[in-house]
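Input: a single structure, listed below in structure tokens.
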Amino acid sequence: MSYGTGVGIRTAVVTGASSLKGIGYHTALRFAQEGWAVALLDIDEQGAQHAAEQIRQAVSGAQVEAFGVDVSQQESVKSTVDRIVNSDLPQVGALANIAGIPSPVDFLDLTLDHWNRILSVNLTGSFLLAQALTPYMIEGGYGRIVHTSSVTAQHGGGVFSKTAYAAAKAGVLGLTRGMARELAQYGITVNAVAPGVVNTEIRGDSDDETENALAQAVPLKRQAEAWEIAALICWLSSEDSAYITGSTHSINGGSYIC
Ligand code: NAD
């Protein structure tokens, strides 16, 4: 089955997609496999170019273009969106806001600069991309927006994801709900995914013992793989999910059940 093609081939914009082990890269790859054109965005422009090339090699005929962007900066977002809509890529139909950074800093040690940085990348960045791209989805008559929250928003965090990150990722849920209400009139759906611990490089040089302990704390006794989160994001971007909006989709191996 090929998603995204029933309404004509559309472009999926995916942020935070340069790391070949990351959720963003796997989401971009999956979109390409499902017949979407892809705009692959990351602050690491060289990494984004490399990731785009990997997808072109993996998916025959895939239309994938890489763009450098700092999602926390409005001018950077605006100029990148301009470049996307003036490129050869087809009409934008989906946005997967995946760029994010962790915060291992204890609450009592938080500086305002660090707090602002964590909120600006994890929360403001999602707002900026979504606001800049929504008019093109309205114009094109098809729109799916998926924001990336975290189980941290629900249970308050752990070793790598403390208060500032929990606040930003909880803000993503409010952003999702507000946008879902306001954009429903255009047939645009807005949802959030809230992953638990995922086997990516976001935790930097975390050692095997720590990674194993994180896995053992999950009822399903393993970390998620990035492709599992990607599959959910791409389904939420498909025509099949048309009646789902404003929802938080927990994908955490049972680490938060309510
Ligand atoms: P990752 O580090 O592989 O991906 C994050 C990407 O965002 C990187 O490619 C990075 O270069 C990019 N990025 C960072 N700051 C940016 C900016 N200002 N502008 C543009 N791009 C920027 O990590 P991942 O684990 O794939 O994380 C993806 C998303 O999933 C993040 O939002 C993260 O908070 C969330 N998440 C991850 C986990 C996990 O355990 N890995 C769990 C829950 C939620």
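In each ligand, atom 1 is the first atom listed, and ligand 1 is the first ligand listed. Keep in mind that this is a model prediction, so the values were computed, not measured.
Under 4.0 angstrom from ligand 1, the non-hydrogen atoms of T200 all belong to its side chain. Within the 4.0 Å heavy-atom criterion, both parts of V71, backbone and side chain, lie near ligand 1. Contacts between K169 and ligand 1, counted as non-hydrogen atom pairs separated by less than 4.0 Å, involve the side chain only. No part of K21 comes within 4.0 Å of ligand 1, judged by heavy-atom distances. Using a 4.0 Å cut-off between heavy atoms, Y165 contacts ligand 1 through its side chain alone, with no backbone atom that close. Only backbone heavy atoms of S149 (N, CA, C or O) come within less than 4.0 Å of ligand 1; its side chain stays farther off.
Taking each of V193, L41, T148 in turn, the one with a heavy atom nearest to atom 35 (C) of ligand 1 proves to be T148. Relative to atom 14 (C) of ligand 1, the option among I118, N97, I101 with the closest non-hydrogen atom is I101. Heavy-atom proximity to atom 40 (O) of ligand 1, evaluated over I229, V198, L214, N199, is greatest for V198. Nearest-residue assignment for atom 22 (C) of ligand 1 (options I202, L20, I43; heavy-atom criterion): I43.
Taking the charged nitrogens against the carboxylate oxygens, R222 and E228 do have a contact shorter than 4.0 Å, which makes a salt bridge. Salt-bridge check for E211 with R203: passed, with a basic side-chain N closer than 4.0 Å to an acidic carboxylate O.
In the hydrophobic cluster analysis, where Ile, Leu, Val, Met, Phe, Trp and Tyr join through side-chain heavy atoms closer than 4.5 angstrom, L129 is grouped apart from L40.
The shortest separation from a heavy atom of F160 to ligand 1 is not under 4.0 Å, leaving the residue out of contact. Using a 4.0 angstrom heavy-atom cutoff, G196 counts as in contact with ligand 1. The shell of residues lying under 4.0 angstrom from ligand 1, judged by heavy atoms, excludes T15. Every heavy atom of Q223 sits 4.0 Å or more from the atoms of ligand 1.
For ligand 1, one of its N or O atoms has an N or O atom of D70 under 3.5 Å away. Remark: ligand 1 and S18 share an N or O pair separated by less than 3.5 Å (distance only, no angle test). For the pair V197 and ligand 1, the shortest N or O to N or O distance does not fall below 3.5 Å. Considering backbone and side-chain N/O atoms, A17 never comes within less than 3.5 Å of an N/O atom of ligand 1.
Within 6.0 Å of CD on E209 lie no more than 12 heavy atoms contributed by other residues, nucleotides or ligands.
Listed by number with element, the atoms of ligand 1 under 4.0 angstrom from any heavy atom of G22 are 3 (O), 26 (O). Close approach of ligand 1 to G100 is summarised as follows: ligand atoms under 4.0 Å from at least one heavy atom of the residue are 5 (C), 7 (O), 14 (C), 31 (C), 32 (O).
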Query raised in the report: Would T15 and D42 count as a side chain to side chain contact (heavy atoms under 4.5 Å, CB included) if you check the C-alpha gap in whole Å, the side-chain angles of each, and the deciding distance to 0.1 Å?
Result: CA-CA 6 Å; T15 75; D42 205 282; over 6 Å; no
**Report entry** Full working for side chain to side chain donor-acceptor pair (under 3.5 Å) between T245 and R181
**Finding:** CA-CA 8 Å; T245 196; R181 281 197 185 277; over 6 Å; no
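Side chain of K221 to backbone of Q216: a donor-acceptor contact under 3.5 angstrom is found. No side-chain donor-acceptor contact under 3.5 Å links S149 to the backbone of L173.
Here the protein heavy atom with the shortest distance to atom 4 (O) of ligand 1 is G16 O, 4.1 Å.
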